[in-house]
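Structure first, then comments.
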Amino acid sequence: MSDDEHQFESKADAGASKTFPQQAGTIRKGAHLVIKGRPCKVVEVSTSKTGKHGHAKCHFVAIDIFTGKKLEDIVPSSHNCDVPEVVRTDYQLIDISNDGFVSLLTDNGQTKDDLRLPTDDAILTQLKDGFAEGKDLVVTVMSAMGEEQIAALKDIGGKN
Amino acid sequence: MGLEQGGWQQHSMNNDMERLAGAMQAVEQACAALQEPSTRAAAETTLLAFRKSSQPIAACQYILEHSHMATARFQAAATMQEAAIREWPLLTADERSNLRSYCLHYVMARADAAEAYVQMKVLSVAAVLLKRGWLESVATEKEAFFAEVRQAVLGAHGPAAQRSGIALLEALVSEFAPSTASAMGLPAEVHEHCRASLELDYLHLFYLWAQEAAVTSAERALQGVGGAMDINVCASALRLMSQLLNWEFQGTNWVRSANGTVVMGKSKINAFTSAIGRDANSTKRSVDHASLVQPGPGWHDVLLEANRVNWILDLYAHIRQRQVGGSSWMDSPLAVSARQLIVQLCSLNGNIFSSDGGTTQELHLQRLMTGVTSWLDPPEAVVGALIAGSSSESELLDGCRALVAIASVNSPSAFDQLLKPVSRSVGTLSLLAFLTREVIKAREQNGKEEDTWAVEALDILLDTWTVLLQPADFSKRIPFPSSGVEAAASVFQAYVDIEVRAAAASANDEDDDAEQLRASIAARDEHLSAVALVARAAPMSTVPFLAVLISERCSWLHQCTGGRNDPTTVLEELHWLLLMSGHVLADCGDGETPLVPESISALNVSAAEAANHPAVLLSRSVIELARQSLDVALRAEFFSPRLMEAIVWFFGRWVDTYLMPADAGRGPNSTPSSNEGDQQQISGIAGPQLHPLVMAFGEEGGGKAALDVLVRVAVAALTAWPGERTLQELAGFQLLPSLVRRRNICVHLVTLEPWQELAQAFAYQQPPLIRLASPIQRALSEALCRSAAGMGSGDATNQYVRDLLGPITNSLATLSKHDDLQVFAQQPDVIVQVSCLIERLRGAARATLPRSQKAIFDVGSAVMEPLLVLVQTYKHQSSVIYLVLKYVVDWVDGQVAFLEAKDTAILFSFCVRLLEIYSAHNIGKVSVSASVNLLNESQTEKYKDLRALLQLLTNLSSKDLIDFACDVNGEVENPDVAQVVYLGLHIITPLMSVDLLKYPKLCRQYFTLLAHMLEVYPEKVAKLSPEGFARITSTLDFGMRHQDVEVVSMSLTTLNAIAFYHYQAICRGQEGLGVHALSIQNSHGVVKEGVLDHFLRSVMQFLLFDDYSNELVEPAADALLPLVLCNTALYQRLALELLKGQHNALLQSRLATAFHVLLNANQVTSSLDRQNRRRFRENLYAFLSDVRGFLRTR
């Protein structure tokens, strides 16, 4: 056995839209999973068998991480499922435009202006109020399979 | 109120009538409106206002007499009860007794009325009134009342009144029984007095009256003179009798004083718990089908006299013979109550039987047995009739209940003899066996339906067997009679035959999801262990029987090769047989080493026959089956995941008991892991000659060969059925741990080829092991590291662990230095691998042994830097963060007790950095989510993180308590412990909320930590900001009112710690808690009490008025003393308030004395040394048992 085998291999370029195979039997509650082409978070896994002496299959109940819709899937537990790459990135908030978009500062000093304000009322008011008060706000953007959404907010003013 | 009363008397007669009629109309209207949803709210208000109105009794009586509406009469009765209790002090003695007899006469006069519930309510009003005045009324008054009741019960006023009389007694009994008493604003002492008085003076009288009433009415009914009413009376009399036997007899707690009144015995227990529904638990026996009836010796004549017992048996025989009550007579109230009474008589126990060597009891039970037998014998006919549907199951079930009751008060042989005098050749055990077999057969015919009578009957019968075979009191254990052994064997065979058939029939069913649920598995196991007890009573026949069945099926499997036959039914039969065999051969250890069941190890097998010892035969047949699963071709053809699960489960249980058994002389309680340095285990369970079981599976015998097979089986179970999670979990969490549990097995394990191969594949992260789900990785790692205990020396052990884990540390280090870590690390497959590696580390940390601690510390410190990098990188991957936290928790737990100052410093500074990074990313963050579901998920993640953090802090701060490190430098202060604690509190208090504290586990952990921290580092806590401190005190408030005794106790410990610290600091002239202890007047002029004052108040309140368990008095005493010392003035003010609130002069002086004694008796001083605190505790006990009785009201 070569020594490399137990090292992490750097796979070819990992685009944000990529998915990875993983055995269904090892996917647990809380993990991510692609169902019907959508990135989801698993909220329930149950197993059953095809006949008493048959093989196990996994029944997943999962929630679309962008739309919140519930999806379900049944997969033989020794088969592979697609697991999406879900990335969260922190950006500093620099502006909120009138047409419902935010302007964010990226790590390399450029701006990112293609994200909509979140629809959630609580965070929306917090975002707007905080910005109006001149707080230092960091937003966390979640991206998977080519989609993006604001997922969290933090006031870093004074504490860092 | 006074004014109104004045006005009341001025009313003319006419006005009065009008007013009453008006009230009646209002109540009637409200009752009608109550039916309409739209008017309900208004109606409720009207009725509540009526209930609360002043002096409504006259109106109530008017309504009771005049209203045609039953619901209105009911409301009137309810109002009357409430008002009478509320206005009791305003009533004159005459009014009170008039009201009582009013109720009685009202019911007697209308005994035939249709709406029975109204009459019942009025009777319960009478009962409440009687109890309210019980201690005030003189003996003659009671006598007169009861004379009247007795007349009614005995039938002087006809059967309808007779029934009402019985109903009144029922109401009385339930009112006087503490668990069903209604609230009447009286001290607990009064309730106790009433109970005692009724128990001593009246209950047996009631029983006699009821029986007399039953006798006469039954006579009339059976002679055909009386009507349906007589049957009715008889049934309710019998019901009253069994209600009386259900009374929770207190017996010796009560004594009669010189002047004939009953006084309460000094009993601490009753002073602290209010009896509402709590005592029930303590008196219940584990066997729920047989709760014992234990009235005292005073009941001897009432219950045991032959004529009385025979009468009830004859009565039931009559009912049975003539089928009184028509075709469904078995379920008629009369038959049901009669049977219930008979079952209760069967469970009589205790000192009611005089000490005549058990003769009275034997005769009594023989008498009953004769009667009960006729319900069950012949079992064939009884069960046959039930299957045919031509009779009801209730008689059979009651018969079974009688059997379990009799069995629980008898030894097996005495139980067997009970039938002998009744001119039968067979013993009771044979009858029980016969009946059990018939019920087992009937259960098959009932099919798969649950909750049928056969299932229930079998449950009760298995309980009977359990009670006989495994009495709760082990000292009374005696050999099972030989006739019983045969009987047990026949029952077990019948059971196995039928279950194997059922398994075959269900083999092709679709998988039943419900079977996977933990609850149903637990229920199945419980059932099988009950059956296994029966099997163990006759091991000579039952164990070989199972072995034959298994071998038979193994050979059938071979006939199926090449697809000639479908093996599914055989597989399912084997599955069931494996489960059954596992239960018969071994007990579930739950962490202890279970011994071989006594009856199996005691089997007398000659040395020549040793290989044919039943248990050896059965174990061999299963090992042989397991060995076949290693053959790849056979595996593919026959070994379904489900069969494999059963095999793995079987060995997980079997290994603890049979494989290389440790010396029996060590006793069953020694923990296997403590056998450090004990190289030589003396083999031999029974004497110098080797026991057949030791020869077969001991270290010297075939143990090593068996171990080799089992290791291969375990590895196969993990790898050969990819994706079969249940199987892998059984292998990882049951079989592997049992293999490494004992050191003498580990010694062999580490030399075995398959184990070494497994270790190698693990260390080099080879597939398929690396693909296992992460919890299985943890289990595997834990087992491998634990097996290091089998290495010869400490150095070898450490080297073994380093070899296992070294490659993992390298992988993590390499990853943390990856060029493009931020992007690379987010790939799902990398996340999965990282999770697996961290879980492996955690498994290893959990397997920390004193001998391998050094290696695991080195591994841990090698991954510290990489882990911190990963925590930073995965700040958004909560699952990874959680795994890291859990790993650190276990690592610290394993290490902290052994570390020397230098290493401790390394560990603590690592933890501080980890906590800092964690808090930097998690405090003040608001997450949004597209759905409530996802939001809940992330809340749960937070909750789990928090628990892990609490555990970590608890483990860290335990360094001060347990320290095994041999520090030569003496008192070197652990450098960072205070900083860790302070930082920990800083992180945790903002995250802690009352909502989160509702999670029981979290709550316990939090208070454990808090109690510990405040005890050890009060000075750190005193330095917290006012907000931080306020958060802690508000959680303490919550903790004091918690239901969990442990939480309350820890809150009190915490209070003790704060107050103790403050008081001592003050004594030394320091500021102690400083600002926190001061009362603050805020800008609005509202005074906010200082913490200690606040808690003094609430601890006093708690001690005097709340319900709590006895064991809390001690921690409460420890908290109270320093609190009182901190502010004696406030304490005296509180005492004064309580004294003023007490209007009864006698009680007031009693209270004053008690308060004085509390702080002055027993030489209690104002110091906080241990001796003084102990004295104060004693004082508090005395104080509370004296005072709580009258301070608490109900």
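The sequence lines fix the lettering, A, B, ..., with proteins before strands; numbering per chain opens at 1.
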- Task: Please name the pair of heavy atoms, one in A:H53 and one in B:L571, separated by the smallest distance, quoted to 0.1 Å.
- Result: CE1-CB, 3.5 Å

- Task: Could you tell me whether A:K70 atom NZ has more than 12 heavy atoms of other residues or ligands within 6.0 Å of it?
- Result: no

- Note on the structure: Turns out that what part of B:L772 lies under 4.5 Å from chain A's heavy atoms comes down to backbone

- Task: Provide the closest heavy-atom pair for A:P84 versus B:P828 in the form atom of the first, atom of the second, distance.
- Result: O-CG, 3.3 Å

- Message: Heavy-atom cut-off 4.5 Å, strictly under: side chain, backbone, both or neither for B:S878 against chain A?
- Response: neither

- Are the side chains of B:E724 and A:S78 in touch, meaning some heavy atoms are under 4.5 Å apart? no

- From CA spacing to verdict: side-chain contact (heavy atoms from CB on, under 4.5 Å), A:R28, B:S879: CA-CA 10 Å; A:R28 306 177 70 190; B:S879 63; over 6 Å; no

- Kindly indicate, with the supporting measurements, whether the criterion side-chain contact (heavy atoms from CB on, under 4.5 Å) is fulfilled by A:H55 and B:R642. CA-CA 9 Å; A:H55 291 282; B:R642 181 171 163 92; over 6 Å; no

- Write down the atom of B:R771, the atom of A:T26, and the distance for their closest heavy-atom approach. O-CG2, 3.3 Å

- What distance do B:Q826 atom CD and A:T89 atom OG1 have between them, rounded to the nearest 0.5 Å? 8.0 Å

- Query: Between CZ of A:R88 and NZ of B:K875, what distance do you get to the nearest 0.5 Å?
  - Reply: 12.0 Å

- Could you state the interatomic distance from NE2 (A:H32) to CD (B:Q877), rounded to the nearest 0.5 Å? 7.0 Å

- Item | Flag side-chain contact, heavy atom, 4.5 Å: B:S640 against A:K49 | no

- Query: Do B:V832 and A:Q22 come close enough that some side-chain heavy atom pair is under 4.5 Å?
  - Reply: yes

- Task: Run the salt-bridge test on A:K41 and B:E941 with the 4.0 Å N-O cut-off and return the result as yes or no.
- Result: yes

- Per-residue contact mode, A:P76 against chain B (heavy atom under 4.5 angstrom): neither

- Item | Non-hydrogen side-chain atoms of A:T140 and B:H876 separated by less than 4.5 Å | yes

- Query: So do the side chains of B:R725 and A:S77 get within less than 4.5 Å of each other, counting heavy atoms only?
  - Reply: no

- Task: Would you mind reporting whether A:E85 and B:I831 have side-chain heavy atoms less than 4.5 Å apart?
- Result: no

- Task: Report, as yes or no, whether the 6.0 Å neighbourhood of atom CG on A:N98 holds more than 12 heavy atoms from other residues, nucleotides or ligands.
- Result: no

- Message: Within the supplied structure, the quantity of interest is the number of heavy atoms (other residues, nucleotides, ligands) at a distance under 6.0 Å from A:D107 CG; does it exceed 12?
- Response: no

